[in-house]
Amino acid sequence: MSRGLSIRRYLALHVLLTGCVMLALSLVFVFSQQHTDRAERRIFEQELAPATALREVERRLLSVHAHLQGVLLGTASPASVRELLTTEGAQIRSGWETFVREHRNWLHDADEAQQIANFENTLAALWQFFERAVAATRADDRDELARLLRNDWTTLQPMLSGKLRELATIQEHHIGQARQELIISRHHSTILVGSLLAAGVLLLGGFAIGLLRYVMRRIAMIENALDQVAAGTGDVAIPHRPGETEMARIADAIRRTAAHLGESHESITVLMRRQQTILESLAEGLYGVDTDGHIMFINPAALAMLGYAEHEVLGLSSHALFHHHHADGRPYALADCPIAASRHTGRIGRRVGEVFFRKDGSSFPVEFTSGPMRDADEPPGCVVVFRDITERLEQDRLLRDTIAELQETNTRLGAAQGQLLQAEKLAGLGQLAAGVAHEINNPIAFIQSDIGAFEKYLRDIFTLIDGYEALIHRQSDTGLRGAATRLHDDADLDFMRDDLHTLIAESRDGLRRIARIVADLKDFSRVDDDQELAEADLVQGLESTLNVMHATIAEKADVVRDYAPLPAVRCQAGQIHQVFVNLLLNAMHAIADRGMITVSARQHGDEVCIEIRDTGRGMEAHERQRMFDPFFTTKPVGQGTGLGLSVSYSIVHRHDGRFEVDSAPGRGTAVRVWLPVKGPAGVGA
Ligand SMILES: Nc1ncnc2c1ncn2[C@@H]1O[C@H](COP(=O)(O)OP(=O)(O)OP(=O)(O)O)[C@@H](O)[C@H]1O
Ligand SMILES: [Mg+2]
């Protein structure tokens with residue numbers, strides 16, 4: 001293989017060659033310029049100077065004749081003309097010497113030397129003429145002067161002028177020759193510079209074409225090799241000669257690039273396969289959009305959820321395709337869409353509960369996250385991952401329902417617990433009350449019977465006293481009568497008789513109240529819990545209770561009835577009526593002047609609800625909490641025992657029923673009694 005030159009060396013050689021050619025051209029140009037300059041200088045300094053000197057000599061010769069004529073005509077003084085003649089003579093001599101000196105520098109023609117010698121002889125005659133003319137002016141001999149001008153000057157002047165013209169002709173001939181030489185010199189230097197320039201251009205052009213061909217051939221080889229790399233050909237080789245270092249390095253770099261690309265290609269293939277697997281096996285829907293929101297890729301799960309085929313969505317706007325409306329049917333402006341925002345701002349967007357639309361126009365709720373795809377600094381779009389949350393929303397709804405149910409159950413449990421506590425409290429008190437009632441019952445019974453006997457005995461005693469007094473007053477013994485009257489008055493028997501009646505009536509009333517309390521306590525403690533359970537018409541029961549209480553209630557309140565048809569309720573009707581009485585009395589007592597009592601009856605499923613609502617004073621919270629406690633009363637002593645509601649509670653509780661109370665100060669009170677239609681469970685069904 002022949003040894004080649006590297007591209008750098010080629011270029012260096014080219015630069016060197018160009019430099020040499022330019023240097024040679026510059027030298028030739030400078031040389032020819034100097035040559036031309038010399039030729040020009042010779043013309044102007046050596047050829048023109050003698051000619052000028054000759055013309056000066058001729059001019060001065062002419063002025064000599066004019067000066068001498070001036071003396072003869074009397075226009076000039078002889079002394080001044082003499083002085084002028086001396087000066088002009090010196091100038092003519094100097095001019096001639098200049099001519100001869102300059103002329104000798106280039107003189108090489110024998111004829112010209114002869115002509116100069118002839119003229120110098122003629123000059124000798126001129127010097128003689130000058131000497132005689134000077135002498136004549138000094139002697140002021142005008143005749144001599146006139147003779148000199150007429151004879152000598154007339155002979156001498158044409159001779160001098162003729163010879164001067166001959167010399168001038170020779171001089172002009174010399175100048176012509178010098179100009180010709182200059183033109184030839186210029187011509188030669190132009191030809192020389194031109195041919196050198198042409199040779200340089202040819203040389204450089206040839207070299208440049210060679211270099212261009214060389215570089216183009218190598219570029220074609222590199223292109224070919226790169227084509228092979230692009231086509232994925234594994235082994236790429238670029239032929240080159242040993243000295244071509246760049247080609248060797250380029251060939252090596254391309255070979256390594258091809259090998260590296262091959263490895264990268266394999267890795268990319270593996271990665272792409274893995275990515276495809278991930279996309280296909282992902283349960284969530286996933287798609288990517290470019291900066292314009294057009295779908296670039298989408299996974300099978302997303303296509304399945306949306307009901308599209310891949311070719312139907314690629315390149316289309318995802319927003320326009322399946323995210324165009326809100327769940328409530330409002331159009332979804334692209335400016336509000338978090339996916340569009342992710343594309344532009346590069347921020348992560350997340351929404352739960354928005355809807356995507358299927359191909360068939362139906363929609364489903366989704367949860368999605370949109371994140372920007374990072375490529376250098378510019379996000380070239382974003383990736384959206386979404387999932388259908390229909391099931392989850394359904395589960396959430398069920399959970400919420402369950403929680404609500406639990407809360408309600410909890411509330412009921414709380415109420416039941418409250419009732420249980422109340423029941424327990426009452427059970428303890430019930431036992432006590434049962435004992436107390438039992439213990440008090442007997443004394444009351446015998447006091448009641450004793451008080452009857454006591455009254456009878458008193459009546460008898462007063463009858464006896466009256467008899468005795470009548471007998472005494474019938475006696476004539478005034479002293480006895482007076483004593484009896486004193487005794488009567490001292491004892492204040494009349495007052496005592498009246499007061500004893502009152503006392504006995506009050507005692508009877510007190511006994512009755514004690515008996516009622518005992519009866520209430522018995523009720524409370526179920527001492528008389530032997531009443532039969534029977535089906536009863538509670539509306540009728542309400543009506544008869546109202547009738548019995550009519551006179552009492554009518555003083556304070558108007559009664560409004562609001563009955564819905566009720567089924568027969570299995571209960572101890574007498575006890576339930578007692579509950580109604582207690583509630584109606586409480587309602588009445590709560591009304592200060594005059595008000596309204598509304599009595600309503602409703603059936604709710606297998607329960608009935610009797611409500612007694614008043615427009616009375618209403619209760620404070622602490623009163624509402626304690627109203628069912630035994631002996632809790634806000635009424636003045638003697639007016640309320642505080643047992644009415646606790647007894648009622650006990651009765652309703654025994655019927656498996658319950659109370660509800662709505663009350664607020666100034667807004668009246670509503671007390672509802674709930675009773676099961678079938679009566680208390682587990683009691684003589
Ligand atoms: N409708 C109502 N409006 C306002 N307060 C009421 C009402 N019902 C009951 N109360 C309050 O509850 C307390 C207890 O009532 P409860 O019926 O047990 O006893 P009482 O009415 O005071 O006495 P009695 O034993 O004569 O019935 C009452 O004193 C009263 O403060
Ligand atoms: Mg009461």
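For ligands, and for the atoms within them, numbers begin at 1 and follow the listed sequence. Keep in mind that the numbers below use all heavy atoms, side chains included, and drop hydrogens, waters and symmetry copies. Please read these numbers as outputs of a predicted model, since none were measured by experiment.
Residue Gly616 places no heavy atom under 4.0 Å from ligand 1.
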- Message: Set out, in order, the CA-CA distance, both residues' side-chain angles and the distance that settles salt bridge (Lys or Arg N to Asp or Glu O under 4.0 Å) for Asp629 and Arg626, then state yes or no.
- Response: CA-CA 5 Å; Asp629 287 357; Arg626 298 195 56 203; 3.5 Å; yes
- Would Glu535 and Arg570 count as a salt bridge (Lys or Arg N to Asp or Glu O under 4.0 Å) if you check the C-alpha gap in whole Å, the side-chain angles of each, and the deciding distance to 0.1 Å? CA-CA 4 Å; Glu535 294 204 330; Arg570 201 163 143 268; over 6 Å; no
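Taking the six-membered ring where tryptophan is involved, the planes of Phe659 and Phe628 are tilted, since the angle between them lies from 30° to 60°.
Among residue pairs with one or both ends in residues 464-484, those qualifying as side-chain hydrogen bond (donor to acceptor under 3.5 Å, both in side chains) are Asp466-Arg497, Glu469-His488; sequence neighbours excluded.
Between Gly644 and ligand 1, at least one N/O pair is under 3.5 Å apart. Residue contacts with ligand 1: Ala590 is placed with no nitrogen or oxygen under 3.5 Å of a nitrogen or oxygen of the ligand (distance criterion only). The shortest N or O to N or O distance between Leu643 and ligand 1 is below 3.5 Å.
Here the Mg ion (ligand 2) has protein N, O or S atoms under 2.8 Å from it, and they come to 1.
With sequence neighbours excluded, no residue forms a side-chain hydrogen bond (donor to acceptor under 3.5 Å, both in side chains) with Tyr457.
Using a 4.0 Å cut-off between heavy atoms, Asn582 makes no contact with ligand 1 at all. Here Thr633 has heavy atoms under 4.0 Å from ligand 1 in both its backbone and its side chain. At a heavy-atom distance under 4.0 Å, no atom of His589 approaches ligand 1.
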Which donor-acceptor pairs under 3.5 Å do the side chains of residues 605-612 make with protein atoms, sequence neighbours left out?
| unit_1 | atom_1 | unit_2 | atom_2 | d |
| --- | --- | --- | --- | --- |
| Glu607 | OE2 | Arg658 | NH1 | 2.7 |
| Glu611 | OE1 | Arg613 | NE | 3.3 |
| Glu611 | OE2 | Arg613 | NH2 | 3.4 |
| Glu611 | OE2 | Arg672 | NH1 | 2.8 |

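Remark: aromatic rings of Phe322 and Tyr287 are close, center separation under 6.0 Å. Ring centers of His326 and Tyr332: under 6.0 Å apart, within the cut-off. Taking the six-membered ring wherever Trp is involved, the centroid distance between the rings of Phe356 and His323 falls below 6.0 Å.
Donor-acceptor pairing under 3.5 Å is recorded for the side chains of Ser650 and Arg654.
In this structure, His604 and Trp674 have side chains that are in contact, with non-hydrogen atoms separated by less than 4.5 Å.
Of the options Val661, Thr633, Thr634, Thr669, a side chain to side chain contact (heavy atoms under 4.5 Å, CB included) to Met627 is made by Val661 and by none of the others.
Of all atoms in ligand 1, numbered sequentially from 1 with element shown, those under 4.0 Å from a heavy atom of Thr634 are 28 (C), 29 (O), 30 (C), 31 (O). In the vicinity of Asn586, heavy-atom distances shorter than 4.0 Å reach the ligand 1 atoms 1 (N), 2 (C), 7 (C), 8 (N), 9 (C), 15 (O), 16 (P), 17 (O), 21 (O). Each of the following atoms of ligand 1 lies closer than 4.0 Å to a heavy atom of Thr641: 23 (O), 24 (P), 25 (O), 26 (O).
Of the listed residues (Leu583, Leu645, Val647), the one carrying the non-hydrogen atom nearest atom 18 (O) of ligand 1 is Leu645. With Arg626, Lys635, Arg624 as candidates, the residue nearest to atom 21 (O) of ligand 1 on a non-hydrogen basis is Lys635.
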